[in-house]
Protein chains: 2
Amino acid sequence: MSGRSGIAKLSRTVADDLRRRLEDGEWSPSERLPGEHELAAHYGVSRATVRTALRAVDARGLTVTLHGLGTFATVATRAVAADLHRLESISATIVRLDRQPGASFRTIAIRDATAREAAALDLVSGAPVLSTRREITADGEIVAYSHETIPRHVLAEDFDLLTVSGSLFGLLDAHGAYATSALTAIHASTGDEIGWGDEAPDALYVLLEQTHFDAKNRAVAFSRTWFIEGRFQFNLVRVR
Amino acid sequence: MSGRSGIAKLSRTVADDLRRRLEDGEWSPSERLPGEHELAAHYGVSRATVRTALRAVDARGLTVTLHGLGTFATVATRAVAADLHRLESISATIVRLDRQPGASFRTIAIRDATAREAAALDLVSGAPVLSTRREITADGEIVAYSHETIPRHVLAEDFDLLTVSGSLFGLLDAHGAYATSALTAIHASTGDEIGWGDEAPDALYVLLEQTHFDAKNRAVAFSRTWFIEGRFQFNLVRVR
DNA sequence: CATCGCTAGGTTGTCTGACAACAGGAGGCA
DNA sequence: TGCCTCCTGTTGTCAGACAACCTAGCGATG
């Protein structure tokens, strides 16, 4: 193990568990959660740690905390569809919706970066990149098309094209390029840029253009994913 | 002033200031912020308060905190376009982009809720609602069309249709229905549902369907806003 | 010279205990 | 009935301490 940081933090563990319980519907909307002292006792941690975890859950809009009253579950606990706050692989999202994910690669190649990709990844134009293109399915039905670009130097020297499979995050993790955040631009689009002709060019797509960064702010991947309108629900909780 | 809660919290004040400084570019991407002790001294608060503020800034993806190293600004500090994490009025977003916002109302009326609206707002079908429809402009150019629906009972008894103006949030605030969070669904759409014929029906739009809630989880408004693709940039920072 | 291991110092993570600020309910009172 | 005060439970903030962690520098080792 490479001693991944961030995953072992106590407050993170508590926050993840609280998030899971909230999404499982353990507290219905507007229902009050146990007090901070009680949660601290339950998890066997200090109140300070519980508070750190609660602030994380608050920030995602799953709860609202009121001074002198307590912490309350919000209606957002119902919104278990694709939560844009959370950075997870598309496959993981599909699994969470109790559907069977799949993907078939159309392209896996090392080539020179386009100007667009070089700009997004902060590379010199023409630098070598790994380019993958694939269809993403849920229960065998195509829900999205995706193009992914990873700088060659992010991957290990002895990297083998034939071993590419699974999700983008899985590939990055395997090479020690753990993606912790992403800058995402959202567009409406038709399908005429996808590029291999099976898709309906006039159909409507929600296009997510994402640059992924690791903990040190290095751009480790650029992806463009076209989600077929209506087959994928994007939800987002916004907090004032 | 009505003694609004949540705004006076010390940690919130510190977080807001840190966010402002980050977006002003006081720290360039990957640059380290002052340590927690130093920030505490600077703001004249305890380290616990600074940590609460930093967790809020972290959650928005503006910073990354690493155990034993410090807190670092991220590239997201450059992304000052429409930040979907932040719940602010469209007008406020346009102002932040140094453009002149405007709006012209097409419809202001009390009518019965449609089934769709009643479901979103948790009303009985046919309950009275305030319905507004308007165009939103930046420097005189139309950037979006918006439909907003507010339950009649949310507004004061002596409410006067003629006084409606300004933003959705302004109207809600004036009636004590302070919207603190929103559940947002993102779609790609054409313009054929907008309804008054000036818009291009075949153009591409990013459609945001939002249900707004107050601190007590009461649905106070339902809005559907069609943003003309290309005239409005939606950015979002996602955190693992 | 290159490499390894150790140490020192600075940083964030967690703990403990305490008090302040706030909201709501119970009860007394006019 | 209506108003006021007190009480209780909750979250917000404070202070100080120690643990866990990372980096840089240094010396020993080959």
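Chain letters run A, B, ... following the sequence lines, proteins first, then strands; residues in each count from 1.
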Spatial distance of atom NE2 (B:H42) from atom CG (B:D17) [nearest 0.5 Å]: 6.5 Å

Atom of A:R134, atom of A:A103 and distance for their closest heavy-atom approach: NH1-CB, 3.9 Å

Quick one: which protein N/O atoms are closer than 3.5 Å to N/O atoms of nucleotides 16-20 of chain C? Pair and distance per line, please.
{"from": "C:dA18", "atom 1": "N6", "to": "A:R47", "atom 2": "NH1", "distance (Å)": "3.4"}

Contact list for DNA chain D against residues 30-41 of chain A - heavy-atom distance below 4.0 Å: A:R32, A:G35, A:E36, A:H37

Check: A:S28 side chain, A:E31 main-chain N or O, donor-acceptor pair, under 3.5 Å: no

Between P of C:dT14 and CG of A:L10, the distance in whole Å: 5 Å

Electrostatic pair A:R60-A:E23, nearest N-O below 4.0 angstrom: no

Polar side-chain atom of A:R55 near backbone of B:A59 as donor-acceptor pair, under 3.5 Å: no

Qualifying residue for side-chain contact (heavy atoms from CB on, under 4.5 Å) with A:I150, from A:L171, A:V129, A:V220: A:L171

Upstream residue (5' side of DNA chain C) when B:L54 and A:G44 are each assigned their closest nucleotide: B:L54

Short side-chain to backbone donor-acceptor contact, B:T74 and B:L62, under 3.5 Å: yes

Distance test, side-chain N/O of B:S11 to OP1/OP2 of D:dT13, below 4.0 Å: yes

N/O (side chain, A:T49) to phosphate O (OP1/OP2, C:dC15) under 4.0 Å: yes

For atom CZ of B:F72 and atom P of C:dT11, their distance in whole Å: 11 Å

Separation of C:dG13 C1' from A:R55 CZ (nearest whole Å): 17 Å

A:K216 or B:V50, whichever maps to the more 5' nucleotide of DNA chain D: B:V50

Between P of C:dG13 and CZ of A:R51, the distance in whole Å: 16 Å

Check against side-chain hydrogen bond (donor to acceptor under 3.5 Å, both in side chains), B:S223 and B:E148: CA-CA 4 Å; B:S223 68; B:E148 287 127 8; 5.9 Å; no

Interatomic distance, B:K9 NZ vs C:dC22 P [rounded to whole Å]: 12 Å

Polar contact flag, side-chain donor to acceptor under 3.5 angstrom, B:S11-B:T49: no

Side-chain N,O (B:T71) to OP1/OP2 (C:dT11) below 4.0 Å: no

